[in-house]
Amino acid sequence: MNTNPLLLKKTNNYNSVPFKNIKVEHFIPALNKSILEAEKNISNIENCVEEPSFSNVILPIESAFDTVEYIVTVYYHYFASIASDDIRKLVSEISSISTKLNNDVYLNEKLFKKIKYVYKNKESNNYNSDDLRLLDEIYSSFIRNGANLNQVDKAKYRTLTEKLSQLSPKYSNNVLNATNKINEYWIDNEDDLIGIPENAVESAKLYAKSKMKEDLWCFTLDTNFGILLKSCKNRAIRAEVYKLYGSKCNGGEFDNSDNLKLISKLRHEKANLLGYDTHADYVLDRRMAKNKKNVYKLIDDLIKPSYKAALDEYNNLKEYALNKDNLKELEPWDLQYYSNLYKMEVYNFDEEVLRPYFQSENVIQGVFEVANKLYGLTFNELQEVDKFHKDVKVYEVKDYNEEFIGLLYEDIYPRSTKRGGAWMNQLRSQGMSSGEKEYPHVTFNCNLTKSTTSKPALLSLSEVRTIFHEFGHCLHGLLTDVKYKSQGGMSVYWDFVELPSQIFENWLLEPEVLNMFAKHYKTGELIPSEYIDKINELKTYMSGTMSLRQLQLCKIDMAWHDGYKDIDSVEEYENLVLKDCKILGHVKGNSVSSSFSHIFSGGYSAGYYSYKWAELLEADAFEKFKETGIFNKDTANSFRNNILSKGNTEHPMNLYVKFRGREPKVDALLKKSGLV
């Protein structure tokens with residue numbers, strides 16, 4: 001009898017992941033056994049003597065890898081969220097095993113011949129839209145993964161993908177190791193704490209005590225990097241912290257230079273092999289943007305007004321810093337500091353006054369309440385479902401009619417075994433799996449301020465915005481309602497995937513929403529209306545600088561993926577790419593690319609523009625909510641039924657037009673960003 005928890009079916013009422021029973025040693029045996037099962041499934045399709053059809057080829061392929069995909073998904077969840085050394089040691093092996101299986105399937109000539117037969121004869125069959133989409137997507141995925149190559153090129157394709165499968169985890173491991181190495185920043189002089197918010201100082205003192213150094217303060221940079229840059233008066237500390245973070249993996253013990261250059265080179269070679277000029281061409285063939293011309297047009301349309309606004313902001317702060325501290329030149333580590341001071345003095349507003357109104361538990365309840373008012377969802381905490389860490393909370397999500405929707409895992413606090421940033425993950429996707437309907441199980445992951453002994457976790461406005469953003473992704477995963485699992489949730493085109501997350505941020509700044517949850521943690525008093533007015537007055541403050549920064553990242557991404565260049569120095573190449581759109585000088589030793597996980601290990605290669613693309617979509621889409629009312633049921637239902645629930649059942653532009661009544665316009669984004 002098999003006792004491997006990763007292979008047991010229906011272990012509880014929710015069919016949730018049995019985290020408490022899973023051990024490191026379970027992954028490889030479970031994966032190997034599931035691959036044997038998948039290979040048997042494929043063999044059955046190959047050896048079927050009946051004429052190839054949707055029912056004996058396409059449907060069996062859709063479910064052939066269910067167990068493999070589940071095990072790999074759980075493993076990579078561990079790798080991101082609770083990556084012990086033992087877990088991380090497995091990444092190369094698991095990546096290699098998965099890549100080999102993918103190649104064995106996609107390069108299987110006999111299997112592809114059957115798929116091709118069904119695809120070529122689709123016009124003579126009366127397929128419904130779901131079935132037709134599944135057929136088209138499976139055929140396309142085989143083409144894009146080498147199925148049409150000759151035998152010589154298939155061998156080259158195998159070699160390229162196997163090398164890439166090792167490089168991305170290696171890059172990611174270096175980033176995590178480097179982050180952990182520099183994460184503790186110690187201060188031994190109380191004068192150096194001037195300007196830093198009280199709660200951050202208190203947390204640093206408690207952390208230092210836990211390290212048996214009671215006379216010091218230790219700031220963990222995973223949550224305090226931005227706080228120190230924004231508020232610490234000591235310029236030398238700001239400079240040191242900035243350089244520490246900016247130079248991650250650019251040289252030294254965890255250098256990623258060779259890794260990222262080789263990733264870029266191999267992606268280019270793979271694209272060429274598949275008939276594309278560049279990796280960007282390959283990627284954009286399956287994006288809303290469609291091609292590089294449209295991506296560069298988006299960047300060009302936005303970079304000019306962004307640069308102009310950012311330059312005005314810089315000159316304003318430069319004059320302010322000169323008058324205030326006789327500072328003649330602003331360095332990159334000065335920008336946030338003087339921006340914050342200027343906001344406090346000129347606008348008479350310090351964002352730190354908001355923290356007491358943003359207790360983390362209240363913020364979470366706030367996003368739940370917004371989801372309830374928009375879509376009728378309820379969230380009830382469960383105790384009986386396994387958690388992957390003691391800080392995690394699990395919620396049962398139900399519809400307004402008490403129908404079960406799925407599970408939500410909330411994991412919002414940092415730890416050394418967890419990667420930085422914020423993200424949503426699907427442990428289980430919605431749709432049919434082996435003849436049964438699966439319900440979505442999604443994780444909601446952040447690295448936010450944690451409670452101290454004297455104060456609960458009180459969040460910054462930026463942290464609250466992060467919660468709204470990631471929760472928007474969760475709604476996309478939870479509200480998917482598709483027939484086939486491979487078409488659900490996050491399977492949409494990558495430049496469409498940020499629309500549900502970025503549009504949800506808009507509700508945060510609405511007075512009606514802030515009054516739902518923004519209550520003082522001691523008195524229960526609602527957030528003062530003058531604070532809400534200030535938040536909205538300042539929502540475009542420094543927007544030019546922020547927009548320019550994002551567009552610079554888009555340019556770096558496209559530079560690495562729009563044709564391979566034989567680069568000597570990563571740092572010098574970045575400077576060359578950005579020479580026409582930088583305002584602040586370069587800091588020697590700093591490199592974005594060396595720890596730019598989004599594009600080298602996170603799925604955003606030739607796709608970082610997606611954030612700006614989605615900003616365009618969400619600004620335009622939210623205009624409709626503003627026109628009809630932010631909680632208008634008809635508008636909310638239209639967004640749910642045409643966007644959130646549809647997954648990849650149609651081209652995203654078709655879905656958007658069904659919601660909005662037309663294609664998106666850039667005007668709303670320029671207006672929202674204060675760039676016009």
Salt bridge between Arg238 and Glu331, side-chain N to carboxylate O under 4.0 Å?
-> no

Does any non-hydrogen side-chain atom of Leu176 lie less than 4.5 Å from one of Asn180?
-> yes

Sub-6.0 Å ring centroid separation between Tyr573 and Trp560 | yes

Sub-4.5 Å side-chain heavy-atom contact between Phe79 and Arg88 = yes

Return yes if a side-chain donor-acceptor contact under 3.5 Å exists between Ser594 and Ser591, otherwise no.
-> yes

For Gln550 and Tyr611, test the side chains for any donor-to-acceptor distance below 3.5 angstrom and give the result as yes or no.
-> no

Look at the aromatic rings of His598 and Phe596 and report parallel, tilted or perpendicular, splitting at 30° and 60°.
-> tilted

Do any N or O atoms from the side chain of Thr220 and from the backbone of Thr223 form a donor-acceptor pair under 3.5 angstrom?
-> no

What's the shortest heavy-atom distance between Pro664 and Asp620, and which atoms?
-> CA-OD2, 3.5 Å

Leu508 and Phe517, any side-chain heavy atoms less than 4.5 Å apart | yes

Does Asn234 reach the main-chain N or O of Ala236 with its side chain, forming a donor-acceptor pair under 3.5 Å?
-> yes

4.5 Å side-chain heavy-atom contact, Glu345 and Tyr320 | yes

Do Lys534 and Glu537 meet the salt-bridge criterion of a basic N to acidic O distance under 4.0 Å?
-> yes

Between the CG atom in Leu538 and the OG1 atom in Thr540, the distance rounded to the nearest 0.5 Å is 8.0 Å

Output field: ring centroids Phe225/Tyr185 closer than 6.0 Å | no

Between Phe504 and Phe471, is the ring centre distance below 6.0 Å?
-> yes

If we ignore angles and hydrogens, is there a donor and acceptor under 3.5 Å between the side chains of Ser547 and Ser306?
-> yes

What is the distance from atom SG of Cys446 to atom CD1 of Ile364, rounded to the nearest 0.5 Å?
-> 7.0 Å

Decide whether Ser501 and Glu498 meet the rule of one side-chain donor and one side-chain acceptor closer than 3.5 Å.
-> yes

Supply the atom-to-atom distance Thr443 OG1 to Leu408 CG, rounded to the nearest 0.5 angstrom.
-> 8.5 Å

Any side-chain heavy-atom pair from Arg355 and Glu463 closer than 4.5 angstrom?
-> yes

Assert yes or no for the condition that the ring centre distance of Phe468 to Trp507 is strictly below 6.0 Å.
-> no

When Tyr337 is tested against each of Asp334, Asn340, Leu341 for side chain to side chain contact (heavy atoms under 4.5 Å, CB included), which residue passes?
-> Leu341

In terms of side-chain heavy atoms, does Tyr413 have a donor or acceptor partner in Ser360 at a distance below 3.5 Å?
-> yes

Is the closest side-chain donor-acceptor distance between His586 and Asn590 under 3.5 Å?
-> no

Side chains of Tyr409 and Phe444 in contact at under 4.5 Å (non-hydrogen atoms) = no

Under a 4.0 Å N-O cut-off, is there an ion pair linking Lys626 with Glu623?
-> no

Under 3.5 Å, is there a donor-acceptor pair linking the side chains of Asn256 and Asn174?
-> yes

Answer yes if the ring centres of Tyr347 and Tyr541 are under 6.0 angstrom apart, and no otherwise.
-> yes

Should the ring pair Tyr171 and Phe600 be called parallel, tilted or perpendicular, given that the plane angle runs from 0 to 90° and is split at 30 and 60?
-> tilted

Glu615 with Lys672: basic N within carboxylate O range, under 4.0 Å | no

Taking atom types as modelled, find out whether Tyr609 and Asp495 have a side-chain donor-acceptor pair closer than 3.5 angstrom.
-> yes

Going by atom types alone, do Tyr357 and Asn362 pair a side-chain donor with an acceptor below 3.5 Å?
-> no

Once you round to the nearest 0.5 Å, how far does CG of Asn445 lie from NZ of Lys418?
-> 6.0 Å

Quick one: do Lys318 and Glu313 satisfy salt bridge (Lys or Arg N to Asp or Glu O under 4.0 Å)? Show the steps, please.
-> CA-CA 9 Å; Lys318 185 178 179 181; Glu313 291 161 359; over 6 Å; no

Any salt bridge between Asp312 and Lys308, counting N to O under 4.0 Å?
-> yes

Would a line drawn from the ring center of Phe496 to the ring center of Trp613 be shorter than 6.0 Å?
-> no

Salt-bridge present (Lys588, Glu571; N to O < 4.0 Å) = no

May I ask you to establish whether Lys373 and Phe631 are in a cation-pi arrangement, using a distance under 6.0 Å from NZ or CZ to the six-membered ring centre and at most 45° from the ring axis?
-> yes

Can we say Glu214 and Lys205 salt-bridge, meaning some charged N sits less than 4.0 Å from an Asp/Glu carboxylate O?
-> no

Compare all side-chain heavy atoms of Leu221 with those of Leu228 and state whether any distance is below 4.5 angstrom.
-> yes

Could you tell me whether the side chains of Ser460 and Glu351 share a donor-acceptor contact shorter than 3.5 Å?
-> no

Rounding to 0.5 Å, atoms NE2 (His389) and OG (Ser81) come to a distance of 10.0 Å

Does NZ or CZ of Lys248 come closer than 6.0 Å to the centre of the six-membered ring of Tyr245, within 45° of the ring's axis?
-> yes

State, yes or no, whether a side-chain contact exists between Leu216 and Ile187 at a heavy-atom distance under 4.5 Å.
-> no

Do Asp580 and Tyr307 get their side chains close enough for a donor-acceptor pair, meaning under 3.5 Å?
-> no

Distance from Met490 atom CE to His476 atom NE2, nearest 0.5 Å?
-> 7.0 Å

